Amino acid sequence: MASHRRPKQPTRARVTVLTSVAAAAVALTAQSASAAPAKPSKDEVKSQVDALYEEAEQATEKFNGAKERQATLEKEIGQIQDQVARGQSELNELRSVLGSMASAQYRTGGIDPSLALLLSEDPDSYLDKASSLEHLSGKQVEAVQKIQAKQRTLAQQRQEASGKLADLDATRKELAEKKKVSSEKLAAAQAILNTLTAQERAALKDEETRASRADSQRVDLGDVKASGRAGAALAAAKTKVGSAYISGHEGPNSFDCSGLTQWAYKQANVSISRVTYTQANDGTRISRSQLQPGDLVFFYGDLHHVGLYAGNNMTLHASNPRGGVKYESMDNMPFQFGVRIG
């Protein structure tokens, strides 16, 4: 016969232990659920800040491009408006000449109805009717034709100015948008840096200073001589090592990446454009193995960062707001190609 013994009941002591363990487990679970997320490490903060600096620089280069485009449009609009003003003055003079002819004709026997209409407030539609010219003298025909040509030119110039003004409005909106994005990214980066203690920030700064010093020594050990205009540009940039990185600045005391390269080449009496995207087309593209000191070097797939090749696999560049103008290994960024100016 099978046994039907009851299972052994737990003692009071055993119940107490089990209850205590369960309660502790519940308490630990609740404590874990309500605990604040772990504070990021110094290295994690550096990685997050570097990513935000990169995004800020992308917006900065687009801001610089829009700023340059705005200046170009404003100059072109000013020139067109000057042309329109001169053209209107010339048109008024032509009408005055035609008016003198009409006055002379009137004194000798009355003004031709066709000529009277040409001098009215709105003769444009009438000017298109060639039959009206049959009643006029040779000089009058010539004067009318000049008026017609001048009116057409003015209409085209006004239309062109109108289109450029619309482009300028769109460019100004883009300018404000990119500046806002860049400022927000930089503010977010600073907020993350502020989560570090003073001791952690000092340690991070010390690490970067030692790394920058080591990079400078690598350039010196490379013993690569620069020459020509590229060499002169590199020599100028070397005098700015340690200068601040500030978005939109192009020297002489603070720079963003393309501001530094443009300024450096300007010291070598060479004019290059303002932003990375156009600097990439300012010379001949070359491979990494062809690089010589002073050549422009471009990084990242969208070409939002540029520096000067300093020799020994190093670049001299305006790095970011934390690093400023410094030497750095080209292996630290995704190299795309070089550009030789001239």
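Heavy-atom basis, side chains included; hydrogens, waters and symmetry copies ignored. Please read these numbers as outputs of a predicted model, since none were measured by experiment.
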- request: Measure across Q336 and F299 and return the closest heavy-atom pair with its distance rounded to 0.1 Å.
  value: CG-C, 3.9 Å
- prompt: Any sub-3.5 Å donor-acceptor pair from K326's side-chain atoms to A318's backbone N or O?
  reply: no
task: Scan side-chain atoms only and decide if S319 and E328 contain a donor-acceptor pair under the 3.5 Å cut-off.
output: no
message: How about NZ on K67, more than 12 heavy atoms from neighbouring residues, nucleotides or ligands closer than 6.0 Å, or not?
response: no
query: Y265 versus L308: any side-chain heavy-atom pair under 4.5 Å?
result: yes
query: About how many Å separate OG1 of T261 and CD of E250, when rounded to the nearest 0.5 Å?
result: 10.5 Å
- prompt: For A268 and A232, which heavy atoms make the closest approach, and how far apart are they?
  reply: CB-CB, 3.7 Å
field: Salt bridge R172-E74, side-chain N to carboxylate O under 4.0 Å
entry: yes
message: Is any side-chain heavy atom of R285 closer than 4.5 Å to one of F298?
response: no
- prompt: When rounded to the nearest 0.5 angstrom, what is the spacing between OG in S258 and CD in E61?
  reply: 3.5 Å
message: Which heavy atom of G248 sits nearest to which heavy atom of N64, and what is that distance?
response: CA-OD1, 3.5 Å
field: Sidechain-backbone polar pair: T276 side chain, L303 backbone, donor-acceptor under 3.5 Å
entry: yes
Side-chain heavy-atom pair S271, K266 within 4.5 angstrom cut-off: no
query: For I147, does its backbone N or O pair with a side-chain atom of R152 as donor and acceptor, under 3.5 Å?
result: no
query: Below 4.5 Å, heavy atoms only, C-beta onward: do E208 and R322 meet side chain to side chain?
result: yes
query: Are K150 and E90 ion-paired here, with the side-chain N under 4.0 Å from a carboxylate O?
result: yes
- prompt: Going through the checks in order, is the side-chain hydrogen bond (donor to acceptor under 3.5 Å, both in side chains) test met by Q262 and S273?
  reply: CA-CA 7 Å; Q262 184 191 49; S273 55; over 6 Å; no
task: Would you mind reporting whether L91 and K146 have side-chain heavy atoms less than 4.5 Å apart?
output: no
query: Does K240 reach the side chain of N253, with side-chain heavy atoms less than 4.5 Å apart?
result: yes
message: Test your reading of the model: is there a side-chain donor-acceptor pair from S183 to the backbone of K179, 3.5 Å cut-off?
response: yes
field: Side-chain donor/acceptor of T153 to backbone N/O of A149, under 3.5 Å
entry: yes
query: If only atom types and distance count, is the side chain of Y245 paired as donor or acceptor with the main-chain N or O of H249 below 3.5 Å?
result: no
message: Tell me if the CD atom of Q159 is crowded by more than 12 foreign heavy atoms within 6.0 Å.
response: no
- request: Quick one: do S243 and S254 satisfy side-chain hydrogen bond (donor to acceptor under 3.5 Å, both in side chains)? Show the steps, please.
  value: CA-CA 6 Å; S243 296; S254 54; over 6 Å; no
task: Nearest 0.5 Å please: distance from the CZ atom of F63 over to the CD atom of Q70.
output: 8.5 Å
- prompt: Is there a donor-acceptor pair under 3.5 Å between the side chain of N194 and the backbone N or O of Q190?
  reply: yes
query: In the hydrophobic clustering (ILVMFWY, side-chain contacts below 4.5 Å, transitive), which residues join L196, or is it alone?
result: V45, V49, L52, Y53, L186, I192, L193, L204
message: Working note: E184 + K180, criterion salt bridge (Lys or Arg N to Asp or Glu O under 4.0 Å); need CA distance, chi angles, decisive distance, verdict.
response: CA-CA 6 Å; E184 288 174 347; K180 181 173 180 286; 2.7 Å; yes
- prompt: What's the verdict on side chain to side chain contact (heavy atoms under 4.5 Å, CB included) for I246 and F255, showing C-alpha distance, side-chain angles and the deciding distance?
  reply: CA-CA 6 Å; I246 300 180; F255 306 86; over 6 Å; no
- prompt: Between H317 and H305, how do the two ring planes meet: parallel, tilted or perpendicular, split at 30° and 60°?
  reply: perpendicular
- request: Please step through side chain to side chain contact (heavy atoms under 4.5 Å, CB included) for the pair K75 and Q79, ending with a clear verdict.
  value: CA-CA 6 Å; K75 183 178 179 181; Q79 291 172 341; 3.7 Å; yes
statement: Value for CD (E160) from CD (Q83), rounded to nearest 0.5 Å, stands at 7.5 Å
message: Looking at every non-hydrogen atom in both residues, tell me the closest pair between A237 and L260 and how far apart they are.
response: CB-CD1, 4.5 Å
- request: Start with the C-alpha gap between K185 and E57, add the side-chain angles, then the distance that decides, and say whether salt bridge (Lys or Arg N to Asp or Glu O under 4.0 Å) holds.
  value: CA-CA 9 Å; K185 298 295 183 182; E57 188 169 57; over 6 Å; no
message: Do I286 and V339 make a side-chain contact, defined as non-hydrogen atoms from C-beta onward lying under 4.5 Å apart?
response: no
task: Search all heavy atoms of P293 against all heavy atoms of L234 and return the closest pair with its distance.
output: CB-CD2, 3.7 Å
- line: Rounding to 0.5 Å, atoms CE (M330) and CZ (F335) come to a distance of 4.5 Å
- prompt: Who passes side-chain contact (heavy atoms from CB on, under 4.5 Å) against E76, sequence neighbours left out?
  reply: T72, L73, K164
field: Flag, side chain of D295 to backbone of Q292, donor-acceptor distance under 3.5 Å
entry: yes
- prompt: Where the side chain of S47 meets the backbone of D43, is there a donor-acceptor pair that is under 3.5 Å apart?
  reply: no
- request: For residues Q279 and L296, report the shortest heavy-atom separation together with the two atoms involved.
  value: O-CD1, 4.2 Å
- request: Find out if a path of hydrophobic residues (ILVMFWY) with successive side-chain heavy-atom gaps under 4.5 Å connects V297 to Y300.
  value: yes
message: For the CG atom of N312 and the OG1 atom of T315, what is their distance to the nearest 0.5 Å?
response: 12.5 Å
message: If you apply the rule side-chain hydrogen bond (donor to acceptor under 3.5 Å, both in side chains), what do you find for Q88 with R158, and how did you get there?
response: CA-CA 11 Å; Q88 186 63 55; R158 287 188 175 114; 2.9 Å; yes
query: Can you check whether T171's main-chain N or O pairs, donor with acceptor, with E174's side chain at less than 3.5 Å?
result: no
field: Flag side-chain contact, heavy atom, 4.5 Å: E54 against D50
entry: no
